Protein chains: 2
Amino acid sequence: MATHTHECVQLVPIFQELAEEQQDTIESIVRHHHFEAGETLFSADDPLDTLMIVANGQVKVYQLAANGREQLLYLLQTGDIDGEAALFENQRRTSFGEALVPTDVCGIRRKDFQALMQKFPSISINVLNVFGKRLTQLERQTTSTATESVEARLASYLTETAASLHTDTFKLPLKKKDLATFLGTTPETISRKLTRFAQQGLITQKPGKVIQINDADQLLLAE
Amino acid sequence: MATHTHECVQLVPIFQELAEEQQDTIESIVRHHHFEAGETLFSADDPLDTLMIVANGQVKVYQLAANGREQLLYLLQTGDIDGEAALFENQRRTSFGEALVPTDVCGIRRKDFQALMQKFPSISINVLNVFGKRLTQLERQTTSTATESVEARLASYLTETAASLHTDTFKLPLKKKDLATFLGTTPETISRKLTRFAQQGLITQKPGKVIQINDADQLLLAE
DNA sequence: TGAGTTTCTTGACGGCCGTCAAGTTCTGAA
DNA sequence: TTCAGAACTTGACGGCCGTCAAGAAACTCA
């Protein structure tokens, strides 16, 4: 099993550039956990003192609003990390995570991770890189939900997803309910908008949540 | 002038913990700029290769949405930094900054800052700290605009502002138009909601954009 | 102080979209 | 394959809030 667990550290971009020996050091620090699909990885109000690394699988991260509604913030893939704020202060979580598929996770406690960053400065620079991208993404998301219509947000989501997959035809990676909370709307509205796009010929809906984009440019002009 | 410029580096939290000599090193790298109120510090589509430090003043940072509307993302104070994404890749800005009052700014080029982080690892840890907080804040803001009503968001904004100032009576730091783009709404709606809160006795509006909060608990129950 | 500009307020109106409800399709386990 | 539960679709309805417009108030600067 040593090989398997070692893969966990190797996979993670923030530990790239470290010599194998140094990766072993890290391996001795992390704790491994496994979750089945649907299991909760952490909840709101958990003490927030562990950095989480997705070794294998997918994790949905939700945040709870004051009125009790949920917002899907991230869809973490293998190699992604979570728990950023964990690294510094005693904070409480306001989010909760749920495995979307069977998932392996590595945890590193705050103190250990801080020591690691002191010892291997390249790690903190890699983490900065990750945070920078996430900040940029969140800034765009905030702007988008605050200023654009649901229709425009959905259109952006579709074209961006297609672009990142390098294909016009793809399967929606989320159920409509999750997609709805991600875009700040409701499943009903998603259904209606998709039907509308299809009627306009901008997309084609196929069985199994498969979407084919026919006219990305026109789609983005949707208001 | 040496003393004055040195203050710039001393003021910035991310350079704390450095010896004076090391701060001098940094001082020799930064470039100083001064802007009058209303001046533009940087625009969308600028090449993004400089980290900006607010040495003195206030800066509004907006982002442009696809439909041309603006979103106020940050209100930077003395000691705050901006340009996070700058630090890593050749990205283009999607935001623009504007001085709210006469403002002094220090800029550090990406290459120089990366060298600094290599030399003084504590800097990168401090930057991580800043990013972590900003991420947490943006996550809350995204969730809030996506799931809560304008009324609830405005109520949160008022009570949080009051709390951070440790007083019930305070002056709104922004014009209604800016406050509106920050909260993802319009000046008209802000006016209406404030009038409504006042009619309900939850707040009292006084001349000069001064607000007095009478019942913070009840205010937060607004939907 | 006063004129001109910007900002703010209030009203009227309409559209987007959230909610509730009912019917249909999909999915996964026995 | 079958069937129960989940997910999805579609319709009807209503409220929140964005837009336009006009008047009031506040601010700026000579």
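Fair warning: this is a prediction, and the values are worked out from it, not measured in the lab. Worth knowing before you read on, the calculation uses all heavy atoms, side chains too, and leaves out hydrogens, waters and symmetry mates. By convention in this document, chain letters (A, B, ...) are assigned in the order of the sequence lines, proteins followed by strands, and residues within each chain are numbered from 1.
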Participant: Looking at residues at least two apart in the chain, or sitting in another chain, which of them share a side chain to side chain donor-acceptor pair (under 3.5 Å) with Asp178(B)?
Facilitator: Lys60(B), Tyr62(B)
Participant: Quick one: is Lys209(B) getting a side-chain N or O under 4.0 Å of the dA26(D) phosphate, OP1 or OP2?
Facilitator: no
Participant: How close or far is atom P of dT10(C) from atom CD1 of Ile190(B), stated in whole angstroms?
Facilitator: 14 Å
Participant: When the distance from CD of Glu148(B) to P of dG15(D) is rounded to whole Å, what number comes out?
Facilitator: 21 Å
Participant: Please state how far atom CZ in Arg153(A) lies from atom C1' in dC17(C), giving the value in whole angstrom units.
Facilitator: 10 Å
Participant: Heavy-atom nearest nucleotide on DNA chain C for Thr185(A) versus Gly208(A): which residue maps closer to 5'?
Facilitator: Thr185(A)
Participant: In terms of side-chain heavy atoms of Lys175(A), which of dA7(D), dT19(D), dG11(D) is nearest?
Facilitator: dA7(D)
Participant: Lys177(A) has an atom NZ; how far is it from atom P of dT19(C), in whole Å?
Facilitator: 13 Å
Participant: If you round to the nearest 0.5 Å, how far is CD of Gln200(A) from CD of Gln218(A)?
Facilitator: 8.5 Å
Participant: Whole angstroms only, please: what is the CZ-C1' distance between Arg196(B) and dT10(C)?
Facilitator: 15 Å
Participant: Has Thr186(B) got a side-chain N or O lying under 4.0 Å from the OP1 or OP2 atom of dC17(D)?
Facilitator: no
Participant: To the nearest 0.5 Å, what is the distance between OH on Tyr157(B) and OG on Ser144(B)?
Facilitator: 13.0 Å
Participant: Between C1' on dA24(D) and CD on Gln205(B), what's the gap in Å once rounded to a whole number?
Facilitator: 15 Å
Participant: Can you check whether Thr189(B) has a side-chain N or O nearer than 4.0 Å to OP1 or OP2 of dG18(D)?
Facilitator: yes
Participant: Taking the side chain of Arg192(A) as its heavy atoms from C-beta onward, which of dG11(D), dG18(D), dT19(D) lies nearest to it?
Facilitator: dG11(D)
Participant: Examine distances only and state if a side-chain atom of Arg93(B) and a backbone atom of Asp46(B) form a donor-acceptor pair shorter than 3.5 Å.
Facilitator: no
Participant: Quick one: does any side-chain atom of Thr147(A) pair with a main-chain N or O of Thr143(A) as donor and acceptor, under 3.5 Å?
Facilitator: yes
Participant: Between dC8(C), dG18(C), dT10(D), which nucleotide gets closest to the side-chain atoms of Glu188(A)?
Facilitator: dT10(D)
Participant: Please state how far atom CD in Glu151(B) lies from atom C1' in dG15(D), giving the value in whole angstrom units.
Facilitator: 12 Å
Participant: What is the distance from CG of Leu183(A) to C1' of dC16(C), rounded to the nearest Å?
Facilitator: 16 Å
Participant: Considering only side-chain heavy atoms of Lys176(B), which listed nucleotide, dT9(C), dG18(C), dA7(D), is closest?
Facilitator: dT9(C)
